Novice: 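A single structure is presented below for examination.
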Amino acid sequence: MSVRVRFAPSPTGPLHIGGVRTALYNYLFAKKHQGDFILRIEDTDQNRLVQGAEQYIIEALKWLNIEPNEGVGFGDGPYFPYRQSDRKNSYAQYAEQLIRNGFAYYAFDSEQELEALKNAIPNFKYDAVTRMQGKNSLTLSTQEVEQRIANKEAYVIRIKIPEDEIVRFADEIRGNVLVNTTQMDDKVLLKSDGMPTYHLANVCDDHIMKITHVIRGEEWLPSAPLHVLLYRFLGWEETMPKFAHLPLLLKPDGNGKLSKRDGDRLGFPVFPLEWTDPKTNEISSGYKQQGYLPEAVINMLAFLGWNPGTEQEFFSEEELINAFSLEHIHKAGAKFDFEKAKWFNAEYIKLLSNEKLADLVKEKINNLFGQQDANYLANAMALIKERLTFLNDVEHFSYLFKSIEKYESSSIEKINKIKDALDIQKLENLLNALPTESSSIEIALKEFANQNQLKIGDFMKFLRVSLVGELSGPAIPDLILLLGKEETTKRIKNCFIQL
RNA sequence: GGCCCGUUCGUCUAGGGGUUAGGACAGGAGAUUUUCAUUCUUCAAACAGGGGUUCGAUUCCCCUACGGGCUACCA
């Protein structure tokens with residue numbers, strides 16, 4: 001049987017980086033086994049839908065190149081539709097089937113009645129010992145139940161959890177997990193608005209869509225026994241998917257799982273793409289807009305909870321697919337490491353060709369500094385590639401694209417004394433006759449300094465401040481080569497005058 | 001509170017009955033460089049605690065502590 005896995009987010013907001021990792025692991029697992037990766041939108045809670053969230057999920061997966069081969073936004077497959085609200089009608093019949101077979105029941109308890117029960121009974125849960133105190137088809141006569149339904153009275157359908165049984169299943173990551181049904185409660189399967197809850201919808205759809213492995217976050221572990229029971233009661237236990245519950249992504253500091261707030265608080269993105277909340281207009285930053293490369297994000301995320309078992313740390317997507325396995329997933333939660341994310345990104349930028357890098361930043365550069373020649377831009381990238389942590393860092397290198405507007409004051413102090421010793425006319429002559437190869441230029445500059453009794457360090461500092469505006473940056477000869485004789489001469493004269 | 005899951009350097013992790021407990025990020029020191037960055041070398045840094053089992057436990061078992069998750073007509 002071929003592997004089929006799904007990523008099933010709920011469109012209640014932008015896709016969180018933890019969700020992205022879940023999607024990634026599903027994707028890698030599917031590709032590794034030549035299986036299918038499905039995107040299913042779990043929008044059974046109509047109250048929590050957020051405008052634009054579904055589209056965001058689709059775009060985020062596209063940017064990261066973890067594209068499903070079936071599902072909402074990625075072309076229909078054989079189990080269309082892939083949005084649960086569009087499958088609404090199919091769930092009630094399964095809930096009814098459970099009732100017919102004695103595995104579920106109607107419940108008419110109002111919100112207030114439930115509240116009263118909670119107040120009256122410490123640690124109340126709707127279960128084998130308390131369900132006989134509720135208003136449901138177990139306590140009401142058949143006639144009354146029919147009457148209430150005929151009267152269109154609101155009701156939910158609850159699962160009837162067995163009284164005292166051990167439910168067990170083998171988690172692919174955690175091994176055997178067992179729970180006694182006395183710990184479980186009669187969860188609502190079908191809500192009063194006719195929508196299924198996650199539990200019912202998820203089990204039905206996974207069965208119908210022939211999902212073979214459910215790979216999801218650890219927050220689902222406690223409800224896995226409920227799902228196992230549902231498969232059993234629905235008669236699908238034979239083909240029940242395997243479960244793999246992933247460790248959670250935790251806050252970098254302190255405790256708890258990573259949340260949207262942590263990004264704002266600690267200054268790193270928790271979302272792949274920038275997101276504007278449609279209600280509050282609040283903007284949350286995205287990896288893309290911050291200048292991350294999708295390959296770096298993927299590589300970084302892959303290593304948060306998984307390892308290849310070797311010391312290799314850079315993986316192309318193809319290598320990731322080959323190396324991936326559920327056995328190498330760590331059991332404990334992983335604190336998100338922002339420093340490591342930055343490092344991965346810087347490394348991936350270094351791996352880029354000058355042309356590719358130029359291509360990625362040209363829009364930003366052109367907006368900031370005016371239209372640049374493609375060739376020039378690529379040459380400029382060669383000089384700063386190893387200085388970039390993010391693509392956006394190119395904005396700090398204005399001196400490559402326009403003349404120096406102001407010199408850093410502390411740098412000026414350090415080169416003041418050179419003015420008396422330097423013959424600017426001689427220097428201009430030198431520049432006019434400069435070689436066209438970096439190391440030769442360096443030799444020529446050093447000779448010039450020697451011949452004119454200039455300390456090489458002072459001379460270089462002067463050149464640097466002239467060309468850059470401050471005392472840091474790429475090698476002087478490379479800078480001269482990039483800027484060209486004319487611009488170089490202009491900047492040096494300018495600086496000399498202003499000193 | 002109850003239930004479930006977890007615990008190796010600050011962080012991500014490898015390992016697994018006998019190892020100098022390995023790597024990476026971050027940090028320190030040094031080399032290279034006119035500067036910064038890069039690169040290279042190098043240093044420091046961990047098996048939560050207590051009981052077992054065993055000739056031997058970081059590794060297996062139990063307990064405790066700590067951390068996390070769940071406990072909705074949310075997913």
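In what follows, every chain begins at residue 1, and chains take the letters A, B, ... in the order their sequences are listed. Since this is a predicted model, take the numbers as computed values, not measurements.
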Novice: Taking the six-membered ring for Trp and the full ring for Phe, Tyr or His, determine whether the centres of Tyr287(A) and Phe268(A) are under 6.0 Å apart.
Specialist: no
Novice: What residues, two or more places apart in sequence or in another chain, satisfy side chain to side chain donor-acceptor pair (under 3.5 Å) together with Asp253(A)?
Specialist: Arg265(A)
Novice: Tell me which nucleotide, if any, is Watson-Crick or G-U wobble paired with rA31(B) when both distances must be under 3.5 Å.
Specialist: rU39(B)
Novice: Compare the minimum distances between each of rG69(B), rU38(B), rA26(B) and the side chain of Lys257(A), then state the nucleotide with the smallest one.
Specialist: rG69(B)
Novice: May I ask you to say what Thr310(A) touches in the nucleic acid, namely base, sugar-phosphate or nothing, with a heavy-atom cut-off under 4.0 Å?
Specialist: nothing
Novice: Would you mind telling me which residue lines up with the more 5' stretch of RNA chain B, Arg21(A) or Leu388(A), judged by nearest nucleotide?
Specialist: Arg21(A)
Novice: What residues, two or more places apart in sequence or in another chain, satisfy side chain to side chain contact (heavy atoms under 4.5 Å, CB included) together with Thr489(A)?
Specialist: Glu428(A), Leu431(A), Lys493(A)
Novice: Would you say the rings of Trp306(A) and Phe324(A) are close, in the sense that their centroids are separated by under 6.0 Å?
Specialist: yes
Novice: When both hydrogen-bonding distances must be under 3.5 Å and the geometry is Watson-Crick or G-U wobble, what is rC70(B) paired with, if anything?
Specialist: rG2(B)
Novice: Kindly compute the distance separating NZ (Lys356(A)) from NZ (Lys385(A)), expressed to the nearest 0.5 Å.
Specialist: 12.5 Å
Novice: Let me know the distance between CG of Leu383(A) and C1' of rU35(B), rounded to the nearest Å.
Specialist: 14 Å
Novice: Write out a two-atom table: protein N or O, nucleotide N or O from nucleotides 2-10 of chain B, distance below 3.5 Å.
Specialist:
{"unit_1": "rC5(B)", "atom_1": "O2'", "unit_2": "Arg174(A)", "atom_2": "NH1", "d": "2.5"}
{"unit_1": "rC5(B)", "atom_1": "O2'", "unit_2": "Glu218(A)", "atom_2": "OE2", "d": "3.0"}

Novice: rU39(B) phosphate, OP1 or OP2: any side-chain N/O from Lys350(A) under 4.0 angstrom?
Specialist: yes
Novice: What's the gap between rA29(B) and rU11(B) when it is taken at their P atoms, as a whole Å value?
Specialist: 22 Å
Novice: For Lys257(A), check salt bridge (charged side-chain N to carboxylate O under 4.0 Å, His left out) against everything at least two apart and list the hits.
Specialist: none
Novice: Base, sugar-phosphate alone, or nothing: which one does Gly309(A) contact when heavy atoms must sit under 4.0 Å apart?
Specialist: nothing
Novice: Determine the contact category for Pro474(A): base if any of its heavy atoms lies under 4.0 Å from a base atom, sugar-phosphate if only primed atoms, P, OP1 or OP2 are that close, otherwise nothing.
Specialist: base
Novice: State, with a plain yes or no, whether a side-chain heavy atom of Pro241(A) is found less than 4.5 Å away from one of His213(A).
Specialist: no
Novice: Can you work out whether Pro247(A) or Phe124(A) has the more 5'-proximal nearest nucleotide on RNA chain B?
Specialist: Pro247(A)
Novice: For the side chain of Glu219(A), counting heavy atoms from C-beta on, which of rG69(B), rC73(B), rG23(B) is nearest?
Specialist: rG69(B)
Novice: With a 3.5 angstrom cut-off on both distances, give the Watson-Crick or G-U wobble partner of rG18(B), or none if there isn't one.
Specialist: rC55(B)
Novice: Looking only at atom P, what distance separates rC9(B) and rA72(B), rounded to whole Å?
Specialist: 35 Å
Novice: Only pairs at least two apart or in different chains count here, so list each ring pair (Phe, Tyr, Trp, His ring centres under 6.0 Å) that has a residue in residues 152-193 of chain A.
Specialist: Tyr106(A)-Tyr155(A), Phe169(A)-Phe243(A)
Novice: Please determine if Glu470(A) and Arg464(A) form a salt bridge, counting it only when a charged side-chain N lies under 4.0 Å from a carboxylate O.
Specialist: no
Novice: With sequence neighbours left out, write down each residue that passes salt bridge (charged side-chain N to carboxylate O under 4.0 Å, His left out) with Glu165(A), or none if nothing qualifies.
Specialist: Arg232(A)
Novice: Any sub-3.5 Å donor-acceptor pair from Asn299(A)'s side-chain atoms to Ser316(A)'s backbone N or O?
Specialist: no
Novice: Which whole number of Å gives the distance between the C1' atom of rA24(B) and that of rG49(B)?
Specialist: 29 Å
Novice: Calculate the interatomic distance between His16(A) atom NE2 and rA75(B) atom P; express it in whole Å.
Specialist: 19 Å
Novice: Nearest to the side chain of Glu42(A), which nucleotide is it out of rG23(B), rU13(B), rA75(B)?
Specialist: rA75(B)
Novice: Need one value for Pro11(A): base, sugar-phosphate or nothing, where a base atom within 4.0 Å counts as base even if backbone is also close, heavy atoms only.
Specialist: nothing
Novice: Where along residues 444-472 of chain A does a heavy atom come under 4.0 Å from RNA chain B, residue by residue in number order?
Specialist: Lys446(A), Met460(A), Arg464(A), Leu471(A), Ser472(A)
Novice: Counting any heavy atom closer than 4.0 Å, what does Gly217(A) reach on the DNA or RNA strands: base, sugar-phosphate only, or nothing?
Specialist: nothing
Novice: Could you tell me the separation between the CG atom of Leu200(A) and the P atom of rA75(B), rounded to a whole number of Å?
Specialist: 11 Å
Novice: Examine the base of rA24(B) for any acceptor or donor lying under 3.5 Å from a partner atom in the side chain of Lys340(A), and report the outcome as yes or no.
Specialist: yes
Novice: Hey, does Phe303(A) reach any base, or is it just sugar-phosphate, or nothing, if we go heavy atoms under 4.0 Å?
Specialist: sugar-phosphate
Novice: If the condition is ring-ring contact (aromatic ring centres under 6.0 Å, His included), which residues does Tyr56(A) pass it with, not counting sequence neighbours?
Specialist: Trp275(A)
Novice: Measuring only the C1' atom in each nucleotide, how far is rC74(B) from rG69(B)? A whole number of Å is fine.
Specialist: 15 Å
Novice: My understanding is that a pair needs two contacts under 3.5 Å, Watson-Crick or G-U wobble. By that rule, which nucleotide pairs with rA24(B)?
Specialist: rU11(B)
Novice: Does anything in residues 217-231 of chain A form a side chain to side chain donor-acceptor pair (under 3.5 Å)? List the pairs, not counting sequence neighbours.
Specialist: Arg216(A)-His227(A)
Novice: Using the test ring-ring contact (aromatic ring centres under 6.0 Å, His included), find all partners of Phe314(A) that sit at least two apart in sequence or belong to another chain.
Specialist: Trp343(A), Phe344(A), Tyr348(A)
Novice: Looking at rC74(B), rC12(B), rU34(B), which one has an atom nearest to any side-chain atom of Ala475(A)?
Specialist: rU34(B)
Novice: With a 4.0 Å cut-off on heavy atoms, is Glu111(A) in touch with a base, just the backbone sugar-phosphate, or nothing at all?
Specialist: nothing
Novice: Going by side chain to side chain donor-acceptor pair (under 3.5 Å), name the residues that satisfy it together with Tyr292(A), two or more places apart in sequence or in a different chain.
Specialist: none
Novice: When rounded to the nearest Å, what value does the distance between P atoms of rC73(B) and rA65(B) take?
Specialist: 32 Å
Novice: Which part of the nucleic acid, if any, lies within contact of Asp109(A), taking any heavy atom under 4.0 Å across all strands shown: a base, the sugar-phosphate backbone alone, or nothing?
Specialist: base
Novice: Within less than 4.0 Å of OP1 or OP2 of rC74(B), is there a side-chain N or O belonging to Ser10(A)?
Specialist: no
Novice: When the C1' atoms of rU34(B) and rG15(B) are compared, how many Å lie between them, rounded to an integer?
Specialist: 47 Å
Novice: Could you check how far CG of Leu15(A) sits from C1' of rA75(B), rounded to whole Å?
Specialist: 13 Å
Novice: rU33(B) and rU19(B): how far apart are their C1' atoms, nearest whole angstrom?
Specialist: 40 Å
Novice: Polar-atom pairs under 3.5 Å, protein N or O versus N or O of nucleotides 41-48 of chain B: list them with distances, or write none.
Specialist:
none

Novice: To the nearest Å, how far apart are Lys191(A) NZ and rA75(B) P?
Specialist: 4 Å
Novice: Say you pick atom C1' in rU58(B) and the same atom in rU8(B); how far apart are they, in whole Å?
Specialist: 8 Å
Novice: If you compare every side-chain N and O of Lys187(A) against the phosphate oxygens of rU71(B) (OP1, OP2), does one of them come in below 4.0 Å?
Specialist: no
